[in-house]
Amino acid sequence: MPAMAQRRRYWLMKSEPDVFSIADLEGVEREPWDGVRNYQARNYMRDEMAVGDLILFYHSNAKPPGVAGVARVASAAYPDPSAFDPDSKYADPKSDPDDPRWWLIDVEFVEAFAEIVSLDALKAEADRGLEGMLVVRRGQRLSVQPVEKQHFVRVLEMAGAKTRVR
DNA sequence: GCCAACGTTGGC
DNA sequence: GCCAACGTTGGC
């Protein structure tokens with residue numbers, strides 16, 4: 001009997017569009033998500049993400065902030081090379097190549113929404129469909145967050161997205 | 001530009 | 001192990 005398939009998980013990842021937007025991801029197709037220097041975000045990438053997991057691509061520090069499209073986890077986790085690069089702004093001399101502190105996954109483009117699903121729009125649904133969604137919580141700064149499947153599906157509906165979830 | 005939230009650092 | 005100081009995030 002085959003092993004039961006791993007349950008697909010859903011995620012939200014933040015990026016400042018001035019630095020790297022959903023259009024930038026569409027242009028390169030695939031991008032190593034380097035530079036994350038938060039342990040909880042690292043743990044999600046290193047320990048919980050699996051190839052094929054779908055991601056809400058969120059524009060932070062944007063006008064308006066909100067979900068701009070969909071991406072997909074495209075690699076298993078591997079050590080973040082920028083931690084070992086002294087010329088990188090993400091260099092971390094405390095990360096030992098034999099015991100790397102920082103890990104990442106590659107992200108690939110799936111879809112750019114016709115219109116951003118703004119944070120305001122998400123908040124407006126927070127009591128009817130998006131209850132408990134982390135990104136609408138005040139003070140929630142985590143740049144990699146798990147998303148419940150029903151919340152993910154609801155955001156796709158709000159966007160009129162082409163992406164379908166099985 | 002402001003500042004609340006909150007994670008990290010380091011003195012003790 | 002506590003906690004003040006500090007730095008960053010990110011909405012506004």
Side-chain angles (χ1 to χ4, degrees), chain A residues 9-28 31-49 53-73 77-107 109-148 151-152 154-159 161:
Chain A
R9 289 196 172 91
Y10 300 89
W11 306 95
L12 179 146
M13 296 176 85
K14 297 180 184 174
S15 184
E16 299 191 23
D18 290 348
V19 178
F20 191 80
S21 70
I22 189 74
D24 293 326
L25 182 61
E26 183 169 17
V28 297
E31 179 76 4
W33 207 258
D34 63 0
V36 171
R37 294 293 178 268
N38 171 283
Y39 288 102
Q40 197 173 354
R42 176 207 67 184
N43 292 347
Y44 285 135
M45 290 199 290
R46 186 187 63 185
D47 304 334
E48 300 202 35
M49 283 185 167
D53 285 359
L54 291 173
I55 301 162
L56 296 176
F57 194 105
Y58 182 90
H59 282 177
S60 61
N61 268 325
K63 293 176 184 175
V67 180
V70 180
R72 186 189 294 118
V73 177
Y78 59 98
D80 185 341
S82 69
F84 310 123
D85 175 1
D87 295 328
S88 169
K89 65 174 175 174
Y90 302 126
D92 181 358
K94 293 180 188 168
S95 185
D96 177 353
D98 293 328
D99 183 17
R101 176 176 299 197
W102 304 115
W103 295 68
L104 52 64
I105 47 91
D106 289 352
V107 166
F109 177 80
V110 174
E111 173 180 6
F113 294 158
E115 281 190 62
I116 298 256
V117 178
S118 70
L119 181 59
D120 281 349
L122 296 173
K123 285 178 174 172
E125 300 272 318
D127 59 355
R128 49 187 173 101
L130 295 181
E131 296 92 343
M133 192 175 183
L134 291 176
V135 74
V136 302
R137 279 197 205 160
R138 175 181 169 80
Q140 179 51 260
R141 302 187 308 171
L142 197 58
S143 66
V144 178
Q145 306 178 358
V147 174
E148 293 175 33
H151 292 165
F152 194 95
R154 180 70 191 122
V155 173
L156 293 184
E157 286 175 4
M158 293 168 73

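Chain identifiers are assigned alphabetically (A, B, ...) following the order of the sequence lines, protein sequences preceding nucleic acid strands; residue numbering begins at 1 within each chain. These numbers come from the heavy atoms of this one structure, side chains and all, not from hydrogens, waters or symmetry mates. A quick note: this is a predicted structure, and the numbers were derived from the prediction, not measured.
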Checklist entry - Contact class for A/K123 (heavy atom, under 4.0 Å): base, sugar-phosphate, or nothing? => result sugar-phosphate
Next on the checklist: What's the closest nucleotide to the side chain of A/K94 if the choices are C/dC12, C/dG11, B/dT9?
Outcome noted: B/dT9
Checklist entry - Rounded to whole angstroms, how far apart are NZ on A/K14 and C1' on C/dG10? => result 7 Å
Checklist entry - How many Å lie between CZ on A/R138 and P on B/dA5, as a whole number? => result 4 Å
Checklist outcome for this item: Assert: residue with more 5' nearest nucleotide on DNA chain B, out of A/N61 and A/Q40, is A/N61
Item to check | Positive for salt bridge (charged side-chain N to carboxylate O under 4.0 Å, His left out) with A/R154, one of A/E148, A/E131, A/E125 | outcome: A/E125
Checklist entry - Can you tell me how far C1' of B/dA4 sits from CZ of A/R141, to the nearest Å? => result 10 Å
Checklist entry - What is the distance, rounded to the nearest whole Å, between atom NZ of A/K89 and atom P of C/dT8? => result 11 Å
Checklist entry - Rounded to the Å, how far apart are A/L142 CG and C/dT8 P? => result 17 Å
Item to check | Parallel, tilted or perpendicular: ring planes of A/W33 versus A/F20, cut at 30 and 60 degrees | outcome: perpendicular
Next on the checklist: I want to verify a distance call: between B/dA5, C/dG11, B/dT9, whose nearest atom is closest to the A/P65 side chain?
Outcome noted: C/dG11
Checklist entry - Separation of A/D18 atom CG from C/dG10 atom C1', in whole Å? => result 13 Å
Checklist outcome for this item: Rounded to whole Å, CH2 of A/W102 lies from P of B/dG7 at a distance of 13 Å
Checklist entry - Heavy-atom count around A/E115 CD within 6.0 Å, excluding the residue itself: above 12? => result no
Item to check | Distance in angstrom units between A/Y39 OH and B/dG7 P, rounded | outcome: 14 Å
Item to check | Reference residue A/D80; test side-chain hydrogen bond (donor to acceptor under 3.5 Å, both in side chains); the match among A/R101, A/R46, A/R37, A/R42 | outcome: A/R37
